[in-house]
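Down below is the structure, laid out as C-alpha cells.
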Amino acid sequence: SGYSLNADGKTCSDYGQEYAGVYGVYYNGAPRTTNMIIGCDISASQPGSFTDMLRFTDVGSKCTQDRDARATMYVLGPHGPEKYECLYRDGTSLMGSHYTGPNVFWGTVEYRLMTKTHCDFSKLGNGWCTNNYMGKCKGADLPGCTSFCDTTPGCQAFTFAAAAAADNDCGAGAGNPACWLHDALPTGLNGDTFR
C-alpha cells in the first residue's frame with residue numbers, strides 16, 4: 001500500500017487505508033447537511049464547499065495554538081480560501097479546530113465516520129520488478145496476493161504472476177501463480193506490480 005513517503009514514514013495509501021470514508025460534519029456540535037469525503041488518495045472534500053487533502057507534514061508549523069497540541073493533520077480552504085482546520089483522530093472520528101485565518105479560531109469541528117471505504121491496490125506501471133523484494137512469496141490468485149500484502153507488516157507493493165517464469169518462479173514452480181511482496185515501492189515496475 002503506497003504512494004509517496006511522508007515524514008513519519010507512512011505513505012499516502014497507508015493514510016488512505018486508515019481514514020478513507022464518508023464522515024458526518026459537525027461545527028460547534030451542530031450537524032451540517034453536507035458530508036466530508038476522504039478518498040483513498042487522502043483527498044478531503046465537502047461537495048459544493050471545498051476539496052483539499054489530509055496534510056500530515058509540517059503540522060506543528062500550521063497548528064500552533066495550545067488547543068491543537070493533539071493535531072496530527074490539517075486541511076486547507078474549508079468554506080473559504082484563508083480557512084483551515086487542525087485535526088486529530090479520536091476513535092473513528094476526526095476532531096479539531098476551525099480557523100477563519102491564521103490563528104483566528106472560529107470553533108470546533110468534528111467529522112464522525114459514517115461509512116468506511118476499503119482502498120484496493122492498483123497497478124503501478126511498466127518495466128520489470130526485482131528490487132525491494134521482501135523475500136516472501138506465495139502461490140495465490142490476485143485477491144489472495146492482495147490480502148497477503150495487506151496483512152503482512154511492511155508490505156508496500158506486490159507483484160502477481162498468474163503463470164510464473166521458470167527463472168523467477170518464487171518457489172511456486174514454473175507456470176504456477178506466484179506472489180512477490182516488496183517492502184518499498186519498486187523503482188523498476190511491470191504491469192503485474194501493484195501497490
Side-chain angles (χ1 to χ4, degrees), residues 1-122 143 146-158 183 185 194-195:
S1 58
Y3 297 81
S4 58
L5 286 172
N6 286 286
D8 62 3
K10 287 191 174 183
T11 65
C12 291
S13 69
D14 287 333
Y15 288 123
Q17 292 282 1
E18 288 182 44
Y19 296 103
V22 179
Y23 294 74
V25 179
Y26 296 78
Y27 284 104
N28 287 327
R32 295 290 178 98
T33 56
T34 186
N35 293 327
M36 168 71 99
I37 300 169
I38 298 176
C40 292
D41 58 355
I42 64 172
S43 59
S45 66
Q46 291 183 36
S49 174
F50 81 102
T51 299
D52 189 43
M53 61 185 290
L54 297 182
R55 299 169 183 268
F56 296 91
T57 56
D58 299 321
V59 177
S61 298
K62 188 69 176 179
C63 303
T64 60
Q65 302 298 299
D66 289 344
R67 70 175 62 88
D68 298 317
R70 296 177 62 186
T72 57
M73 69 196 95
Y74 63 95
V75 293
L76 298 177
H79 309 285
E82 298 297 316
K83 299 179 180 183
Y84 62 97
E85 293 172 351
C86 298
L87 304 168
Y88 64 92
R89 191 173 196 169
D90 185 4
T92 60
S93 295
L94 302 181
M95 313 279 289
S97 306
H98 181 90
Y99 293 89
T100 57
N103 297 319
V104 181
F105 178 71
W106 178 85
T108 62
V109 59
E110 180 180 1
Y111 297 113
R112 297 179 189 172
L113 182 64
M114 298 166 56
T115 307
K116 177 82 176 122
T117 300
H118 175 74
C119 301
D120 293 323
F121 289 94
S122 59
T146 301
S147 178
F148 187 38
C149 187
D150 268 341
T151 57
T152 300
C155 184
Q156 294 295 310
F158 65 87
D183 62 7
L185 283 182
F194 297 75
R195 62 179 171 203

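In this chain, residues are counted from 1 in sequence order.
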Apply the test side-chain contact (heavy atoms from CB on, under 4.5 Å) to residues Arg89 and Tyr111: give CA-CA distance (whole Å), side-chain angles for both, the deciding distance (0.1 Å), then the verdict. CA-CA 9 Å; Arg89 191 173 196 169; Tyr111 297 113; over 6 Å; no

Return all side-chain donor-acceptor pairs below 3.5 angstrom for residues 91-98, not counting sequence neighbours, or 'none' if the list is empty.
| unit_1 | atom_1 | unit_2 | atom_2 | d |
| --- | --- | --- | --- | --- |
| Ser97 | OG | Asp68 | OD1 | 2.8 |
| His98 | ND1 | Glu85 | OE2 | 2.7 |

Name each donor-acceptor pair under 3.5 Å that joins a side chain in residues 58-65 to protein atoms two or more places apart or in another chain, with its distance.
| unit_1 | atom_1 | unit_2 | atom_2 | d |
| --- | --- | --- | --- | --- |
| Thr64 | OG1 | Asn103 | OD1 | 3.0 |
| Gln65 | NE2 | Asn103 | OD1 | 3.0 |

Distance col, row Met73:CE vs Tyr88:OH, nearest 0.5 angstrom, shows 10.5 Å

dist Arg112:CZ -> Tyr26:OH (nearest 0.5 Å) comes out at 4.0 Å

On a heavy-atom basis, the closest approach of Ile42 and Ile38 is CA-CG2, 4.5 Å

Between Tyr74 and Cys86 the two heavy atoms that sit nearest each other are CB-CA, 4.2 Å

Distance col, row Leu76:CG vs Lys83:NZ, nearest 0.5 angstrom, shows 13.5 Å

Distance col, row His79:NE2 vs Tyr84:OH, nearest 0.5 angstrom, shows 15.5 Å

Between Met114 and Gly24 the two heavy atoms that sit nearest each other are SD-N, 3.2 Å

Closest heavy-atom pair, Thr34 versus Val25, reported as atoms and distance to 0.1 Å, is O-CG2, 3.3 Å

All heavy atoms of Met53 vs all of Val75, minimum pair found to be O-CG1, 3.5 Å

Distance col, row Thr108:OG1 vs Tyr27:OH, nearest 0.5 angstrom, shows 10.0 Å

Please report whether the ring centroid of Tyr19 lies less than 6.0 Å from that of Phe56. yes

Rounded to the nearest 0.5 angstrom, the CZ-CG distance for Arg55 and Leu87 is 12.5 Å

